[in-house]
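If you're wondering where the values come from, they're calculated on a predicted model, not measured in any experiment. Note: hydrogens, waters and symmetry copies are ignored here, and every other heavy atom, side chains too, is used. In what follows, every chain begins at residue 1, and chains take the letters A, B, ... in the order their sequences are listed.
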Amino acid sequence: MSNETLITGKKAENAIKESLFLFTLYICVTIAILTLMTLIYDVLSTGTTRLTSDYEVGLITKIQIDNPIDFLTTLDSRYPDRAGIGPAFAGTVWLMIIVVSVTFPFGTGAAIYLQEFAPKNKITRFIELNLTNLAGVPSVIYGLLGLAVFVRLAGFGRSVLSGGLTLTLLILPVVIVASREALKAVPDTIRQGALALGATKFQAVFRQVVPSAIPGMVTGMVLGLSRAIGETAPLIFMGALTYVNYFPDTPLSGFTAIPIQVYNWIGYPQAEWKETASAGIILLLGLLLIMNSLAIFIRNRYEKDL
Amino acid sequence: MENVNDLRDQLTKTITRPIEKIVKFFITASAFAAILISISIIFTLLTEAINFFQDPAVTFKGYFTATRWTPTFQNPEYGVIVLISSTLYIAVIACLISFPLGLFSAIYLSEFATKRTRKVIKPVLEVLAGVPTVVFGYFALNWITPNIIQRFIPGTGVFNALSAGIAVGIMIIPTVASISDDALNAVPNSLRNGSLALGATRRITSLKIMFPAALSGIIASFILGFSRAIGETMIVTIAGGQYPELNLDPRSAMYTITSSIVNVSLGDTPHGTTAYNALFALGITLFIMTFILNIGSDYIARKYRKEYE
Amino acid sequence: METKETVQVNSESVFNVTDLSVSYGDFVAIKNVNMDITKNKITAFIGPSGCGKSTLIRSFNRMNDLILGAKVNGTITYQGVDLYDKMVDPVQVRRRIGMVFQKPNPFPKTIKENITFGLKVNNMTDNMDDRVEKALTQAALWDEVKDDLDKNALELSGGQQQRLCIARTIAVEPDTILMDEPCSALDPVATKKIEDLMQELVKEFSILIVTHNMQQASRSSDYCAFFTTKTSDDGKRRTGELVEFNETSVMFTTPDKELTEQYISGRFG
Amino acid sequence: METKETVQVNSESVFNVTDLSVSYGDFVAIKNVNMDITKNKITAFIGPSGCGKSTLIRSFNRMNDLILGAKVNGTITYQGVDLYDKMVDPVQVRRRIGMVFQKPNPFPKTIKENITFGLKVNNMTDNMDDRVEKALTQAALWDEVKDDLDKNALELSGGQQQRLCIARTIAVEPDTILMDEPCSALDPVATKKIEDLMQELVKEFSILIVTHNMQQASRSSDYCAFFTTKTSDDGKRRTGELVEFNETSVMFTTPDKELTEQYISGRFG
Amino acid sequence: MSLQEKIENLETDLHLMGRLVLDALVDGVRALEDKDVNRAIATIEKDDEIDAAYLKIDQDWVELMATEQLVATDLRLSTSILQASLHLERLGDLAVYLGNTTQEIFDSPVPETVHATVVEMGDLVIDMASSAMESLKNRDKDLALATAEKDNQVNRLYNAMLEEAPKIAGNEDLFNGLFRLVTCIRTLERGGDHAVDICELTHFLVTGKFEEF
Amino acid sequence: MSLQEKIENLETDLHLMGRLVLDALVDGVRALEDKDVNRAIATIEKDDEIDAAYLKIDQDWVELMATEQLVATDLRLSTSILQASLHLERLGDLAVYLGNTTQEIFDSPVPETVHATVVEMGDLVIDMASSAMESLKNRDKDLALATAEKDNQVNRLYNAMLEEAPKIAGNEDLFNGLFRLVTCIRTLERGGDHAVDICELTHFLVTGKFEEF
Ligand SMILES: Nc1ncnc2c1ncn2[C@@H]1O[C@H](COP(=O)(O)OP(=O)(O)OP(=O)(O)O)[C@@H](O)[C@H]1O
Ligand SMILES: Nc1ncnc2c1ncn2[C@@H]1O[C@H](COP(=O)(O)OP(=O)(O)OP(=O)(O)O)[C@@H](O)[C@H]1O
Ligand SMILES: [Mg+2]
Ligand SMILES: [Mg+2]
Ligand SMILES: O=P([O-])([O-])[O-]
């Protein structure tokens with residue numbers, strides 16, 4: 001066999017096909033990334049003017065919204081330049097508190113049961129199937145469910161509690177699945193190791209497995225929350241879209257939330273509202289970014305340990 | 001050696017603590033809550049939907065054959081086919097955008113990207129996946145429609161199916177890319193090395209070895225993406241418009257199941273009216289469609305996971 | 001139960017296995033095992049893959065209980081007590097009969113916590129520091145880690161991890177240590193260290209070890225059991241069986257069974 | 001390039017390694033390797049974990065190109081051609097120098113497709129069926145699978161999978177086969193089969209094998225290279241080095257170096 | 001080469017060596033019987049070949065043990081081969097001794113009875129050595145036992161002859177001690193050889209080389 | 001027990017056996033020198049101990065080889081131990097022969113010169129055997145070589161004596177052949193033993209048991 005093929009060979013011919021293929025891939029990735037960039041750029045460029053502007057429109061205007069903090073604390077208004085996102089922001093905070101306090105115990109509890117204790121039988125399998133399906137059920141349907149169960153049946157009315165519980169139902173499957181993944185990622189050898197030392201099943205799970213899985217569970221929780229924070233559709237059914245211009249003070253108060261407020265503003269025909277909507281979106285994206293970074297941070301910090 | 005009886009006493013000394021029982025009860029109950037949620041979804045949707053069909057104005061036949069969806073009109077028509085076709089139409093546009101872009105991005109990420117590039121792009125895609133849909137809706141309405149659609153396809157309305165479809169497509173790219181990437185990554189590295197060691201190029205390796213090996217996972221990502229597109233609400237509500245008639249022109253507005261649900265609920269439809277009940281009929285229709293897709297995707301995904309475990 | 005008290009226990013043997021078989025559902029993995037395991041000796045289980053060595057060794061501390069569908073028939077008595085008696089709590093059994101696994105599996109915690117975990121679940125919370133030191137010393141690891149007890153155990157090398165796993169096993173003062181291929185994930189140098197360690201430990205513990213490595217069995221065990229899979233007459237079921245149980249020196253020089261000879265001299269199959 | 005043609009190639013040797021070192025970024029994994037690999041012989045690489053055996057063997061077919069940051073210095077000539085010459089296409093190199101990996105890695109396709117894949121990418125599409133049969137026969141697998149060529153390769157046993165991987169490697173008619181611990185995932189019976197197979201294959205191919213198993217090196221190789229890690233004077237860097245390269249029979253009876261003797265007789269470290 | 005083949009080769013070599021030694025023995029005994037100096041010289045010359053065969057077996061054996069882990073029958077076989085080769089080597093020496101003796105006595109008068117007995121014993125030893133190798137080849141325990149029993153006859157002849165010799169010499173009392181001492185001398189001479197052989201082992205242990213001192 | 005310890009034990013056993021054999025040789029030579037029948041009997045009795053030591057070494061050796069893979073120095077050492085034990089065993093036989101001879105001749109007249117030479121040779125062999133074992137113990141190649149050279153002196157004495165003996169007997173021509181044949185007989189007797197030893201190997205190969213036939 002000659003050695004020439006090693007040197008000349010079909011390198012060139014291959015190279016063309018290879019580069020072409022790689023080029024296609026580059027294009028696809030670029031488009032995917034570029035749209036995101038465009039989206040963010042568009043929002044930023046429209047919204048920042050709103051957040052930094054100090055111009056006055058109209059005659060009665062006295063409240064000048066000229067910095068982001070004011071935007072966060074001010075009430076909504078009929079005038080785009082004076083509309084703040086205060087009640088919506090407060091509503092979102094309320095929602096988050098309700099969601100976390102209900103989802104965390106139930107989500108992790110269910111995950112621990114299913115992953116560690118559930119017998120491998122038809123009932124368990126049925127629960128699992130339910131969960132995968134629930135995770136994929138469109139959010140509007142949760143809205144309908146919340147409407148029927150919390151608003152009407154439980155009599156919570158169109159309140160922040162109903163909204164929070166509805167969002168809880170929405171992200172519960174996501175959190176359960178993520179927590180299960182975190183538990184699943186704990187090698188079986190850890191369980192066996194603990195049991196072989198004479199630990200009871202309970203000790204093995206709660207002293208070794210769960211602590212190892214906590215970072216993953218928290219990450220799942222954070223990601224679930226970040227989904228909840230941006231959800232709009234189900235909250236529409238909670239009356240969040242009606243003009244709410246006060247801060248909720250009890251769980252049974254009416255409320256609105258940031259994405260709803262944004263949706264509201266998008267709906268107004270005047271061009272100035274675009275800027276206000278953008279400002280709302282910037283806030284929303286900012287919150288998401290913080291939560292995602294948190295999730296990534298936790299994951300990177302603890303992932304290599306296992 | 002110790003006495004056999006002592007030993008037996010020791011070995012039979014079982015310890016149980018009440019706290020363990022309580023905790024176990026609680027977590028078991030949590031898990032069963034999942035069933036409860038599903039049952040309540042089906043139950044609430046069904047009961048109200050049954051009320052809907054009991055209205056003499058509504059016929060089962062009409063529900064599936066009428067070509068208009070006008071529940072709040074004087075002479076209401078309930079042609080769900082309008083909504084279903086719009087929904088599928090927009091979903092298909094979304095898939096045409098997201099499948100190739102998502103899949104090729106996944107191939108790039110798992111087969112060609114250096115570790116560093118991957119480390120940047122993966123989180124970016126994840127962030128993209130987390131962007132609230134209302135933002136995509138805003139983007140479709142305020143950027144895609146004026147800057148792309150209306151510029152290149154004159155005569156397009158402010159609300160149009162194309163723009164909504166594209167935005168939905170962009171929204172599900174990360175889903176498709178991320179699950180496909182997971183599927184490609186689940187293929188053991190040893191297969192890649194095996195192929196390269198036989199003298200295959202990277203292109204052949206990714207197309208002939210890695211892609212088929214990850215196929216079931218990729219299909220699962222497609223199905224899930226499609227299901228997401230069908231259930232997507234805010235984008236289509238904001239950018240897709242509400243054209244209540246059967247229509248296949250992408251430049252015009254369309255009326256998806258989800259946006260009609262939102263619209264009905266927005267209006268001051270009183271509780272108990274047929275129009276109100278229609279919400280739940282639509283809900284169950286949507287539920288069934290996504291249910292089938294989700295279960296299918298899960299089934300296929302499970303299969304591929306088993307292959308390499 | 002009363003009848004059990006009359007059982008005559010050979011003071012030399014720690015386990016007596018009688019007519020043992022283990023099945024997974026319908027599938028009988030290993031059957032008809034009869035053997036007495038001698039105290040303070042190393043007994044090795046060898047045989048081709050799938051002959052049921054792991055299945056069998058897991059029966060000695062009821063780890064099989066954790067496997068879905070696994071069912072043990074026959075009896076294993078441990079110092080005269082039937083391990084599968086309904087009244088016997090497997091958790092207690094595992095405190096007396098420790099186990100070391102194929103892949104080192106330290107908990108993702110500090111070195112010290114790896115050892116104190118076992119102590120805590122066994123209520124051995126007095127003199128914890130002394131116990132930690134003693135266990136690590138016995139496992140020939142103390143000198144290497146004494147200044148780093150708070151280091152994460154996962155930062156240790158594979159061989160050190162395995163010795164840590166042995167340390168945490170002996171810390172709870174079992175009588176017997178079961179080892180399922182404890183060196184198969186280790187390089188020869190680390191393997192040598194573990195083998196040397198076994199020679200030390202056997203003075204105090206009885207050791208059962210499954211190994212794929214015939215040389216390991218031959219050089220480090222006192223007794224050796226050879227298992228193989230036999231195919232049923234209709235060719236459908238393959239079940240593990242004990243072929244020969246003998247002193248290691250006899251097994252490797254003058255095995256009783258032709259099959260053993262074929263296996264140990266590599267002419268199997 | 002012209003100059004290369006004048007290189008005097010020892011007709012006996014297939015690779016000449018000169019002053020080779022491989023680094024990952026700043027970390028030098030192995031350095032100063034000089035050796036001639038003899039044609040149609042089995043050459044084994046042994047040494048403690050982390051001494052750079054895998055790193056080195058991957059240099060022989062430029063699989064190191066695929067590892068980020070891996071950098072090869074010095075020269076490896078293959079039948080007189082510098083493998084790291086800029087003009088040399090690594091894809092072509094890998095067609096001539098096959099590789100078998102530690103864990104059997106058949107493609108999740110049929111048995112037949114596993115072999116035809118390599119044939120296709122190498123444009124050897126004539127007489128595919130014959131080539132498939134020949135490769136499987138050479139890999140001592142034909143009889144076991146000839147009726148099931150369309151069975152999924154993943155359904156084969158571990159040992160069969162590894163032989164299939166060998167079959168698909170030899171199907172593309174390389175001159176040399178590199179094997180990185182090809183038996184470490186196999187049981188002794190399957191290992192024996194692969195070793196027997198190597199004895200057959202070496203009549204036609206040159207074989208380089210990395211093995212952790214000293215017995216395997218001693219019983220199946222003709223030449224043996226022993227590597228070890230040496231710590232730099234400041235105790236910070238650990239670099240792999242070739243300690244001894246010798247005929248296997250000499251290495252295992254009268255090694256030249258004290259270090260080799262310590263390693264092969266298990267007194268290392 | 002597989003382990004199987006390596007052991008088989010080693011055993012074949014042993015039996016080839018056995019053949020050589022038997023040939024040498026036959027030559028030695030016949031040479032002595034016929035006072036055939038040429039044949040005696042031939043016998044002596046064969047010893048180099050025997051020694052070479054012995055060396056090869058030892059070397060191959062060490063290589064085999066170094067490269068393979070032998071157990072059970074394989075191990076016993078290879079051990080037997082090593083030890084048998086040593087015995088054969090010394091039987092080869094015996095043949096040489098017969099050859100040397102033939103050279104010394106071919107022109108001396110020797111008592112007929114003694115001469116006849118030596119030849120008889122020689123034939124017996126040839127027979128025994130041959131059977132012994134046969135038994136080893138065929139793993140024939142019974143043949144081995146039967147062969148071993150023949151040694152009694154050798155011993156009987158030996159003792160009878162040692163008592164006979166002084167009588168033949170003419171003065172039993174006077175010569176008894178002398179003859180016995182001569183056999184001691186022969187025995188001690190062999191003892192020296194054993195010591196030398198141990199020295200060779202030292203050399204082998206230190207250098208790894210088999211060498212005749 | 002670690003490999004290291006096992007080999008060390010084996011070597012210790014060999015040197016203990018060496019001690020036994022040397023003691024037996026000293027006893028044998030001294031008994032012959034002094035015509036001391038009691039000491040001769042003691043010598044003969046020691047052989048059982050030697051045989052037992054030999055058997056133990058062989059058994060342990062096989063066990064060692066079966067359970068450990070030895071290479072390089074370890075392998076050479078254990079091989080040397082095995083072979084040395086065989087040589088020692090035969091040196092033990094030599095001592096027994098001297099003991100037996102002493103019993104035969106203690107009341108016979110023996111020519112002074114021959115008697116003296118035998119003792120001289122005996123002392124030489126003792127010296128050689130002792131040095132040989134010493135060289136093996138200390139891995140002393142030079143001592144081994146020096147020791148091996150002493151064999152020349154043994155051979156010289158042997159040849160000289162064989163020429164001397166017929167003269168002492170009174171009729172060189174008549175006795176030359178006779179004496180030489182007697183040494184052949186002694187040699188052949190030992191040959192028979194070698195054949196028996198091979199037979200023992202057959203037995204060992206088949207049954208795995210070391211047994212004296
Ligand atoms: N959890 C399980 N469920 C069903 N079958 C099992 C299970 N574990 C093992 N088996 C089967 O039981 C048989 C014995 O398995 P086991 O793991 O005990 O073998 P082994 O001798 O330890 O093999 P190896 O040497 O490969 O570890 C095998 O046929 C295996 O497939
Ligand atoms: N991709 C890589 N990047 C950085 N360092 C590496 C990489 N691969 C290996 N190394 C390092 O190079 C050294 C040699 O590794 P290599 O895998 O070649 O050793 P080896 O002799 O094959 O060991 P083993 O017997 O465990 O397989 C090790 O210190 C290892 O940590
Ligand atoms: Mg196992
Ligand atoms: Mg490696
Ligand atoms: O081999 P020897 O008969 O002289 O012991």
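- Looking at every heavy atom in both residues, B:Ala200 comes nearest to D:Val121 through CB-CG1, 4.0 Å.
- Other residues, nucleotides and ligands place more than 12 heavy atoms under 6.0 Å from the NZ atom of B:Lys24.
- Across D:Asn61 and B:Ala197, no two heavy atoms sit closer than the pair ND2-CB, 4.5 Å.
- Taken to the nearest 0.5 Å, the CZ atom of B:Arg192 stands 10.0 Å off from the CG atom of D:Leu66.
- For D:Lys203, the side-chain hydrogen bond (donor to acceptor under 3.5 Å, both in side chains) partners two or more places apart in sequence, or in a different chain, are D:Glu200.
- Crowding of B:Arg228 atom CZ: a count of heavy atoms from other residues, nucleotides or ligands under 6.0 Å not exceeding 12.
- Interatomic distance, D:Arg94 CZ to B:Thr201 OG1, rounded to the nearest 0.5 Å: 10.5 Å.
- The distance from atom CG of B:Leu198 to atom CG of D:Asn122, rounded to the nearest 0.5 Å, is 7.5 Å.
- Interface remark: D:Phe107 contributes backbone and side-chain atoms alike to the contact with chain B (heavy atom separation under 4.5 Å).
- The neighbour count for D:Lys151 NZ, taken as heavy atoms of other residues, nucleotides or ligands under 6.0 Å away, is above 12.
- Shown here for B:Leu191 and D:Pro108, the closest heavy-atom pair between the two residues is CD1-CD, 3.4 Å.
- Considering CD1 of D:Ile67 and CG of B:Asn193, their distance stands at 7.5 Å, rounded to 0.5 Å.
- Neither the backbone nor the side chain of D:Pro104 comes within contact range of chain B; no heavy atom of the residue lies under 4.5 Å from a heavy atom of that chain.
- Surrounding CG of D:Asp26 are at most 12 heavy atoms belonging to other residues, nucleotides or ligands under 6.0 Å away.
- Both the backbone and the side chain of D:Arg168 come within contact range of chain B, each with at least one heavy atom under 4.5 Å from a heavy atom of that chain.
- With sequence neighbours excluded, the residues forming a side-chain hydrogen bond (donor to acceptor under 3.5 Å, both in side chains) with D:Glu204 are D:Gln138, listed by chain and number.
- In this structure, chain D has a heavy atom under 4.5 Å from the side chain of B:Arg202, while its backbone stays farther away.
- B:Lys208 and D:Lys109 make their closest contact through O-NZ, 2.9 Å (heavy atoms, listed as atom of the first residue, atom of the second, distance).
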